[in-house]
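Data block below; observations after.
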Amino acid sequence: MAGRGFRVVVAGAGVSGLFMAETLKHAHVDFAVYEKAGEVGGTWRDNTFPGLFVDVLSRQYEFPFQPNYGWSRKYAPASEIWAYIKRVARDRGLAKFIRFNEEIVAARFTDGLWHIETAKGTTDVADVFVCATGFLHKPLLPDIAGRDRFAGPSFHSSRWDHTVPYAGKRWGVIGSGASGVQITEALAWAGCDVTQFIRRAQWVHIRDNPHSTWRERLKLRLPGGYRREQRRLWQLINESDHWRLKPGPLREAMEREYRSFLDYIKDPELKEKLTPDYNLGCTRIPKSDKNYYEAVQLPNAHIVKGQIDHIEPDGVVMADGTRVELDVLVYATGFDPHAYMRPMNVTGLNGVTIDEAWREKIYSYGGIALPGFPNLFMLYGPFSPVNNVPVPLGLEQEIGCIMRLIAEARGRGRAAAPTVAATEKFLARLGAAFPGTVWVGGCKNWYTSDQPTPVLWPLPQEAHKGFFEEVPLEDFQFTPTGPRE
Ligand SMILES: Cc1cc2nc3c(=O)[nH]c(=O)nc-3n(C[C@H](O)[C@H](O)[C@H](O)COP(=O)(O)OP(=O)(O)OC[C@H]3O[C@@H](n4cnc5c(N)ncnc54)[C@H](O)[C@@H]3O)c2cc1C
């Protein structure tokens with residue numbers, strides 16, 4: 001380690017890790033990325049279920065440093081997003097910095113440096129440790145009696161078994177979130193016999209998803225065209241997130257529009273089952289490109305609402321005794337949204353672990369840092385905008401700030417961590433913004449889960465940009481880094 005220069009280790013090679021890697025490469029910082037899987041892409045690598053499309057405009061899901069002029073549709077299919085991410089990694093020469101199939105299991109801050117350990121026993125040492133481990137990557141399976149006894153194929157939606165043929169099978173899909181809706185819709189239109197088990201109805205966005213035209217593509221390639229269009233998109237975001245944040249005519253108009261989608265359902269009993277009893281936007285809104293409400297009215301599609309009592313080898317039994325026979329069971333039951341980098345064992349100053357720090361509640365400073373964990377940064381950590389700001393845009397703002405903090409810490413020969421007071425001030429600011437937003441008011445959502453408030457960004461996107469542009473250095477403490485060997 002003698003003479004070793006300043007070094008950054010990044011965990012994860014999804015959208016966040018790759019964005020960070022490209023930025024570090026560009027800044028000529030020595031770094032390595034550890035990725036537990038054998039390929040880049042994170043979410044878009046793992047989720048290959050039928051019917052998955054991106055829920056923001058494809059063009060909002062671009063790295064700012066790599067325009068894509070060729071999206072096939074307004075909202076691209078997941079396979080296209082994944083192909084784009086892989087292309088970015090290839091074109092930017094990022095693969096040589098990534099150590100695939102290396103899961104980081106522990107990171108400990110001692111003597112002013114991060115000591116990293118992987119599941120294979122590899123060790124590494126870094127001045128800065130960046131967790132780009134995602135906020136929806138740890139699948140949640142439901143605690144239903146008999147789950148292990150199901151005789152046919154069964155899998156979580158993020159582990160789709162492509163060896164199972166669609167045809168001639170009775171499919172069960174457990175879950176009414178975005179994945180459950182998209183899978184049910186896709187299987188129903190594919191002619192499969194599919195039963196979706198829901199506990200409560202979701203608001204579903206029935207949207208058009210046209211192919212992009214050559215005119216649209218050409219417009220982007222004209223001089224100044226891409227920038228102009230990009231500016232227009234960001235303007236759209238600024239205008240469109242306000243209905244979630246405060247009550248008023250915009251929200252009422254949105255609610256009217258979503259209620260009108262339910263009119264696609266002809267059968268009053270089915271309509272009743274699929275009518276939500278909570279405010280629009282409280283949960284992440286599933287997007288439907290092929291009209292979910294029409295799909296579930298096909299003779300081969302069924303909605304069963306209620307509590308599942310148990311699973312048997314050949315089906316599901318509801319609490320009211322209804323029995324549904326099945327050949328394949330899909331768990332569209334979501335992810336542990338508050339795992340973040342865990343189960344990784346992260347230890348900061350004075351031997352305090354991340355589990356201890358977050359025992360009572362999840363918190364962070366700006367979604368990027370934690371008091372007591374110097375030079376530990378997170379991308380899309382707690383209270384990042386997981387709803388009203390497209391992920392790449394949020395990353396641009398977070399990474400810009402992290403790079404400034406890294407430069408400052410490096411310049412001082414120290415390690416940066418937010419103060420407790422600054423973190424509390426940040427959390428209080430967010431806490432004060434929740435009343436009146438769509439995320440509060442008694443409805444259950446994964447943003448909140450077992451936490452006292454939803455763990456997301458409850459302010460406009462401009463405020464997110466503003467926050468990161470103005471992060472004061474006084475909000476940070478600079479811990480001495482120990483002598484290098
Ligand atoms: C089904 C689904 C659909 C979604 N659709 C949308 C959408 O339409 N629009 C949108 O904006 N967002 C969507 N999201 C959110 C999506 O997760 C983000 O947009 C984005 O992909 C997050 O990127 P990430 O790199 O932060 O995390 P991830 O994509 O989760 O990547 C994290 C990476 O870190 C790796 N990793 C984790 N732990 C370790 C470790 N200990 N050591 C080494 N590597 C590790 C993982 O293998 C993974 O490759 C969706 C999420 C899901 C699950």
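Small disclaimer: the values here were computed from a predicted structure and weren't measured. In listed order, ligands and their atoms are each counted from 1.
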What pairs of donor and acceptor atoms, side-chain ones from residues 187-196 against any protein atom, are under 3.5 angstrom apart with sequence neighbours left out?
unit_1, atom_1, unit_2, atom_2, d
Trp189, NE1, Lys290, O, 2.6
Asp193, OD2, His302, NE2, 3.4
Gln196, OE1, Tyr292, OH, 2.6
Gln196, NE2, Gly175, O, 2.9

Contacts table for residues 45-52: side-chain donor-acceptor under 3.5 angstrom, sequence neighbours left out:
unit_1, atom_1, unit_2, atom_2, d
Arg45, NH1, Glu35, OE2, 3.3
Arg45, NH1, Glu39, O, 2.9
Asn47, ND2, Thr43, O, 2.9
Thr48, OG1, His162, NE2, 2.7

- Query: Do the numbers put Arg207 on top of the ring of Tyr75, so that NZ or CZ is under 6.0 Å from the six-membered ring centre and no more than 45° off the axis?
  - Reply: yes
- Note on the structure: Given the options Phe53, Trp71, Trp44, Phe19, Tyr61 meets ring pair (Phe, Tyr, Trp, His ring centres under 6.0 Å) only with Trp44
Please tabulate, for side-chain N and O atoms in residues 339-346, each donor-acceptor pair with protein atoms closer than 3.5 Å (sequence neighbours left out).
unit_1, atom_1, unit_2, atom_2, d
Arg342, NE, Ala339, O, 3.3
Arg342, NH1, Asp355, OD1, 3.0
Arg342, NH2, His338, O, 2.8

Could you check ligand 1 for N or O atoms lying under 3.5 Å from protein N or O atoms and list the pairs with distances?
unit_1, atom_1, unit_2, atom_2, d
ligand 1, 8 (O), Asp55, N, 2.5
ligand 1, 8 (O), Asp55, OD1, 2.8
ligand 1, 9 (N), Asp55, OD1, 2.8
ligand 1, 17 (O), Thr43, OG1, 2.7
ligand 1, 19 (O), Tyr61, OH, 2.5
ligand 1, 21 (O), Trp44, NE1, 3.2
ligand 1, 21 (O), Tyr61, OH, 3.1
ligand 1, 25 (O), Val15, N, 3.1
ligand 1, 25 (O), Ser16, N, 2.9
ligand 1, 25 (O), Ser16, OG, 3.4
ligand 1, 26 (O), Ser16, OG, 2.5
ligand 1, 29 (O), Thr43, N, 2.8
ligand 1, 29 (O), Thr43, OG1, 3.2
ligand 1, 41 (N), Ile104, O, 2.9
ligand 1, 42 (N), Ile104, N, 3.0
ligand 1, 44 (N), Lys36, N, 3.1
ligand 1, 47 (O), Glu35, OE2, 2.7
ligand 1, 47 (O), Arg45, NH2, 3.0
ligand 1, 49 (O), Glu35, OE1, 2.6
ligand 1, 49 (O), Glu35, OE2, 3.2
ligand 1, 49 (O), Arg45, NH1, 3.0
ligand 1, 49 (O), Arg45, NH2, 3.2

- Query: Does Arg200 make a cation-pi contact with Tyr278, if we ask for NZ or CZ under 6.0 Å from the ring centre and within 45° of the axis?
  - Reply: yes
